[in-house]
Amino acid sequence: LAPFHYLYGTTLLYSIEESTDGAQQMTVGDEDNVDDMQIAWENLDTARTIFEHMIAEKPSDKLKVDLAQVLLREGDLQRQNGNYDAAILDYSNCLECLHENSTVQPYSRKIADVHYNLGMVNLTLVAAAADSEAAVDAKQRDAARSQGFQHLYECGKVFAGIIAEIGGIDPEKVVRDAESSIPNFKTTGDDADEHPKIISLKLRSLQNSVRELKIDCPEVEDLIAVLEEIQETVDEADNSEQGLHEATALKEQIAAAV
């Protein structure tokens with residue numbers, strides 16, 4: 001029954017994502033989508049519960065892959081509904097299932113997708129906290145910010161590794177060489193390595209490294225384009241954050257003047 005519950009729930013979720021262009025948060029007034037969201041959640045959670053019981057009784061890599069897929073869609077649902085903390089938990093559990101699975105290679109599109117979702121939902125959480133008037137713990141916000149940029153970089157590393165494997169080249173060496181070409185900066189703070197400027201440099205180095213492989217393949221060109229999109233996402237998020245800080249500082253100056 002688990003696959004049927006999953007298919008029912010994820011099909012409803014696809015419908016909701018399409019009706020909201022996959023980007024807008026659910027609104028309370030949209031009763032049809034709210035009902036579909038509840039039914040989607042009930043079915044996905046039923047599928048998750050069944051798979052977890054089956055794994056507890058007789059663990060298998062196939063069941064863990066199935067559970068990871070359910071957790072991924074539950075994370076998508078929570079993110080769509082604006083429950084960002086719950087989405088992060090589901091995505092993190094999904095990533096853990098994949099990492100513990102011997103059938104899933106380290107440089108796998110499945111892992112890249114989860115890292116990307118974790119990166120985006122963490123940055124969305126930071127943006128939502130900035131827009132909200134409610135007090136948000138600064139440490140929690142900074143941690144989400146750092147994790148968001150780091151997960152986007154991990155996503156880029158996986159895609160670079162996939163490109164290397166297509167060309168029959170050791171992916172670990174390609175990633176290692178790309179990282180070694182980044183100069184050491186004198187930065188302060190525990191999250192210096194996750195600073196968006198440094199993440200941006202690392203992603204650019206990954207792009208340069210895979211281009212130097214000169215693998216003539218349409219699939220590789222598509223993957224390089226994905227790396228470029230991740231780079232743009234990091235740069236745009238960094239610019240938005242800088243603009244927000246400037247606006248906040250301006251508001252404080254006006255308030256002080258008044």
- Just checking, any donor-acceptor pair under 3.5 angstrom between side chains of Tyr91 and Asp76? yes
- Item | ILVMFWY clustering at 4.5 Å (side-chain atoms), partners of Ile39 | Tyr8, Leu12
- Here the side-chain hydrogen bond (donor to acceptor under 3.5 Å, both in side chains) pairs for residues 50-60, sequence neighbours left out, are Arg48-Glu52
- Go through the side-chain N and O atoms of Gln207 and Gln231 and say whether any donor and acceptor fall under 3.5 Å apart. yes
- Message: We want to know whether Asp61 and Thr103 form a side-chain donor-acceptor pair, criterion being a heavy-atom distance below 3.5 angstrom.
- Response: no
- If you measure from CG on Asp35 to CD on Gln38, what distance do you get to the nearest 0.5 Å? 8.5 Å
- For Ser181, the side chain to side chain contact (heavy atoms under 4.5 Å, CB included) test, sequence neighbours excluded, returns Ser205
Show me, pair by pair, the donor-acceptor contacts under 3.5 angstrom made by side chains of residues 159-178, not counting sequence neighbours?
from	atom 1	to	atom 2	distance (Å)
Asp170	OD1	Glu172	N	3.2
Glu172	OE2	Tyr107	OH	3.4
Lys173	NZ	Asp177	OD2	2.7

- Give every residue pair that meets the side-chain hydrogen bond (donor to acceptor under 3.5 Å, both in side chains) criterion with at least one member in residues 108-122, sequence neighbours excluded. Arg79-Asn117, Arg109-Asp113, His115-His151
- How far does CZ of Phe149 sit from CG of Leu203, to the nearest 0.5 angstrom? 10.5 Å
- Query: What pairs of residues pass the side-chain hydrogen bond (donor to acceptor under 3.5 Å, both in side chains) test when at least one of them lies in residues 214-230, not counting sequence neighbours?
  - Reply: Arg211-Glu228
- Item | Where Ala144 and Val126 come nearest, the two heavy atoms and their spacing | CB-CG2, 3.8 Å
- Given Met120 and Thr233, is the side-chain contact (heavy atoms from CB on, under 4.5 Å) satisfied, shown in steps? CA-CA 9 Å; Met120 295 306 296; Thr233 299; 3.5 Å; yes
- Task: Taking all heavy atoms of Cys94 and all of Ala68, pick out the closest pair and write down the distance.
- Result: SG-O, 3.1 Å
- Message: Which residues pass the side chain to side chain contact (heavy atoms under 4.5 Å, CB included) test with Ser92, not counting sequence neighbours?
- Response: Ile88, Leu118
- What residue pairs, at least two apart or across chains, pass salt bridge (Lys or Arg N to Asp or Glu O under 4.0 Å) with a residue in residues 149-160? Glu154-Lys157, Lys157-Glu179
- Query: What is the distance from atom CG of Leu77 to atom CG of Asp45, rounded to the nearest 0.5 Å?
  - Reply: 10.0 Å
- Task: Would you please name every residue forming a side chain to side chain contact (heavy atoms under 4.5 Å, CB included) with Glu100, sequence neighbours left out?
- Result: Glu96
- Task: Rounded to the nearest 0.5 Å, what's the gap from CG on Leu44 to CD on Gln69? Could you check?
- Result: 10.0 Å
- Shortest non-hydrogen contact from Val234 toward Pro196: CG1-O, 3.8 Å
- Task: Test side-chain contact (heavy atoms from CB on, under 4.5 Å) on Tyr153 and Leu206 and set out the steps.
- Result: CA-CA 10 Å; Tyr153 175 58; Leu206 285 175; 3.6 Å; yes
- Query: What distance separates Leu63 CG from Ile50 CD1, expressed to the nearest 0.5 Å?
  - Reply: 11.5 Å
- Message: Are the side chains of Lys202 and Lys197 in contact, using a 4.5 Å heavy-atom criterion?
- Response: no
- If every non-hydrogen atom of Ile230 is compared with every non-hydrogen atom of Cys155, which pair is closest and at what distance? CD1-SG, 3.6 Å
- Applying side chain to side chain donor-acceptor pair (under 3.5 Å), name anything that partners Gln105, two or more places apart in sequence or on another chain. none
- Kindly write out the residues that satisfy side chain to side chain contact (heavy atoms under 4.5 Å, CB included) with Asp90, not counting sequence neighbours, or none if the list is empty. Leu71, Glu74, Gln78
- Message: Quick check: is Val70 connected to Met37 through a chain of hydrophobic side chains (ILVMFWY, heavy atoms under 4.5 Å apart)?
- Response: yes
- Query: Taking atom NE2 of His5 and atom OG1 of Thr10, what is their separation to the nearest 0.5 Å?
  - Reply: 14.5 Å
- Item | Set of side chain to side chain donor-acceptor pair (under 3.5 Å) partners for Ser180, sequence neighbours left out | none
